[in-house]
Amino acid sequence: MTTPSPSSAPSSMEPVVRSRVLPRISFRTLMIGTVVAAVIAAIARAAGDGATFAKAVTVAIALLGLFFLLAAGAFLLAWLTARLAIGRFDNTREGNPFAKDQLPPQLLKPREQEL
């Protein structure tokens, strides 16, 4: 009778498959986030106590957060507009005018005199 080696997994165990739905957060990432949050909280408390430099840092962090919030909003607005309009105004299936040996319609007339 053979005994299974400790390095081989029993057949009843399923392999660990990386999830594509939720991001994997390591303990190191969690600890770094905690340290950053603690430093920001200490600066905010110093700003509340009246420290001028801490007030400036707090305003800079708030403006940076506001910038990223507005950038995400602008991206979502553009993405949503493109997503809703791509089905109505998509004319890529009509073909390429260059593939049919014809010129595209000219919006501006050429400046040079034709020979």
Side-chain angles (χ1 to χ4, degrees):
M1 181 171 177
T2 61
T3 59
S5 65
S7 63
S8 67
S11 61
S12 63
M13 290 185 70
E14 295 181 12
V16 176
V17 179
R18 184 174 179 183
S19 174
R20 292 185 177 98
V21 177
L22 297 174
R24 301 192 99 175
I25 299 174
S26 68
F27 184 71
R28 182 184 305 163
T29 304
L30 186 64
M31 292 306 295
I32 290 172
T34 304
V35 168
V36 169
V39 169
I40 291 173
I43 291 172
R45 180 171 181 158
D49 291 341
T52 307
F53 180 76
K55 288 180 184 178
V57 171
T58 304
V59 168
I61 290 173
L63 287 177
L64 188 65
L66 181 65
F67 167 74
F68 281 111
L69 185 68
L70 290 175
F75 170 77
L76 288 175
L77 182 65
W79 177 77
L80 185 62
T81 304
R83 188 79 173 157
L84 292 175
I86 198 165
R88 296 181 189 151
F89 304 110
D90 188 18
N91 58 2
T92 56
R93 290 186 172 86
E94 292 178 6
N96 187 349
F98 295 107
K100 297 178 182 177
D101 292 332
Q102 62 184 3
L103 293 175
Q106 293 185 349
L107 300 175
L108 300 173
K109 294 183 178 181
R111 295 183 182 179
E112 297 89 22
Q113 295 291 332
E114 292 187 23
L115 300 176

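The analysis underlying the following values was restricted to heavy atoms, covering all of them including side chains, and did not include hydrogens, waters or symmetry mates.
The side-chain heavy atoms of Ile32 and Arg28, taken from C-beta on, include a pair separated by under 4.5 Å.
Contact detail for Ala54 and Ile43: the closest heavy-atom pair is CB-O, 3.5 Å.
Rounding to the nearest 0.5 Å places CG of Leu69 at 12.0 Å from CG of Leu63.
By the rule that hydrophobic residues join a cluster once side-chain heavy atoms approach within less than 4.5 Å of another member, Ile61 and Phe53 end up as members of one cluster. Placement of Ile40 and Val57 within a single hydrophobic cluster is found when ILVMFWY residues are connected by side-chain heavy-atom separations under 4.5 Å, directly or transitively. Taken together through direct or relayed side-chain contacts under 4.5 Å among Ile, Leu, Val, Met, Phe, Trp and Tyr, Val36 and Met31 form parts of separate hydrophobic clusters.
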